[in-house]
Number of protein chains: 2
Amino acid sequence: MDQRQALSAFAALAQVTRLQIVRVLVVAGPDGMAAGMVAEKTAVSPSNVSFHLKELERSGLITQKRESRSIIYTANYNTLGGLIRFLMEDCCAGNPEICLPVAAVAACCAPKVEEKLQ
Amino acid sequence: MDQRQALSAFAALAQVTRLQIVRVLVVAGPDGMAAGMVAEKTAVSPSNVSFHLKELERSGLITQKRESRSIIYTANYNTLGGLIRFLMEDCCAGNPEICLPVAAVAACCAPKVEEKLQ
DNA sequence: TCCATATTTCAATAATCCTTGAATTATTGA
DNA sequence: TCAATAATTCAAGGATTATTGAAATATGGA
């Protein structure tokens, strides 16, 4: 992820409706969720949700696929991960030791990380 | 970090000048950098840099302290770390196993993380 | 006190972004 | 083909944000 992509992702996440949509889709998992259901879950009008879904797609944070009459949106974990990496690289750039507490942030995945590192 | 703070931080980082400022200050480390020097490094006018520094401070990403005639700005690693955690918790919320690759992002601090986990 | 330096504040303009509701497109089943 | 469902697109507005240059504030030294 380069700076241009990161800027686009930050802009996408800097809006309350879009941030909610991303969270809803992350929880929905790899099966994703239809646009109408996203509108329902977030209590936002279909046309407005559609506007924000398009923004999120432009930034690579979600993808879409048609399935019959519905359009299914899915969170893009790679982009989310890329954004986290971008932030961490920034953070570690100059001062790795200051950044250590940030690395400990992996706590939310900690059990699995420990497994992996053995 | 709650959603409100995360939104504010995302908005702060979603602007090319501000993102550059943050990167400059992160590299500058705990000693920080005077506003004028930030303006020089980023090639932005003093008044404009001042505007963006204020935005970054409002979002908690940087702090300021006066030192003689200069005002020294310093990156706030806690906020950066909090934002990373916020993203990771989102990401791990529903599907920890999908999120694992993201945990591996700690690679940029990997040697130190491994040390710590032993 | 006066001047120079460092930075911020202000007002005005320009640019971008968000929301709304109506109209449009696409898909499916009768 | 027609009607119903699911979603997008469009135009208009209102709101927010960014940039500029000039004026104001704060500090330290002559």
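Per chain, numbering begins at 1; letters A, B, ... match sequence-line order. Computed from a predicted structure; not experimentally measured.
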So, [X] side chain and [Y] main chain: donor-acceptor pair closer than 3.5 Å or not?
{"X": "Arg23(A)", "Y": "Leu25(A)", "result": "no"}
{"X": "Ser70(A)", "Y": "Ala34(A)", "result": "no"}
{"X": "Thr79(A)", "Y": "Gly60(A)", "result": "yes"}
{"X": "Gln20(A)", "Y": "Thr17(A)", "result": "no"}

Whole Å only: how far is the [atom1] atom of [X] from the [atom2] atom of [N]?
{"X": "Gln64(A)", "N": "dA6(D)", "atom1": "CD", "atom2": "P", "value": "17 Å"}
{"X": "Met37(A)", "N": "dA7(D)", "atom1": "CE", "atom2": "P", "value": "11 Å"}
{"X": "Arg66(B)", "N": "dG28(D)", "atom1": "CZ", "atom2": "P", "value": "8 Å"}
{"X": "Lys54(B)", "N": "dT17(D)", "atom1": "NZ", "atom2": "C1'", "value": "12 Å"}
{"X": "Phe51(A)", "N": "dG13(D)", "atom1": "CZ", "atom2": "P", "value": "18 Å"}
{"X": "Leu56(B)", "N": "dT17(D)", "atom1": "CG", "atom2": "P", "value": "14 Å"}
{"X": "Ile72(A)", "N": "dA6(D)", "atom1": "CD1", "atom2": "C1'", "value": "11 Å"}
{"X": "Asn48(A)", "N": "dC10(D)", "atom1": "CG", "atom2": "C1'", "value": "14 Å"}

Subject >> Nucleotide interval of DNA chain C bounded by contacts with chain A (heavy-atom cut-off, under 4.0 Å) >> reply: dC18(C) to dT28(C)
Original post:
So does Ser68(B) reach the base of dG28(D) with its side chain, donor to acceptor, closer than 3.5 Å?
Top reply: no
Subject >> Watson-Crick or G-U wobble partner of dC2(C), both distances under 3.5 Å >> reply: dG29(D)
Original post:
Taking any strand in view, what nucleotide pairs with dG29(C) in a Watson-Crick or G-U wobble way, both distances under 3.5 Å?
Top reply: dC2(D)
Hey, does [X] reach any base, or is it just sugar-phosphate, or nothing, if we go heavy atoms under 4.0 Å?
{"X": "Ala39(A)", "answer": "nothing"}
{"X": "Ser70(A)", "answer": "sugar-phosphate"}
{"X": "Glu55(A)", "answer": "nothing"}

Original post:
Which residue, Val16(B) or Gly36(A), contacts DNA chain D at a nucleotide closer to its 5' end, judged by nearest heavy atom?
Top reply: Gly36(A)
**OP:** Nearest-nucleotide wise, let me know which of Glu67(B) and Ser47(A) is further upstream toward the 5' end of DNA chain D.
**Re:** Ser47(A)
**OP:** May I ask you to verify if any side-chain N or O of Tyr73(A) is less than 4.0 angstrom from the OP1 or OP2 atom of dT8(D)?
**Re:** yes
Original post:
Mind checking whether Phe51(B) and Tyr73(B) sit in one hydrophobic cluster, side chains of I, L, V, M, F, W, Y counted as touching below 4.5 Å?
Top reply: no
Subject >> Hphob cluster co-occupancy, Ile72(A) + Val49(A), side-chain heavy atoms under 4.5 angstrom >> reply: no
Original post:
Is the shortest side-chain N to carboxylate O distance from Glu55(A) to Arg58(A) below 4.0 Å?
Top reply: yes
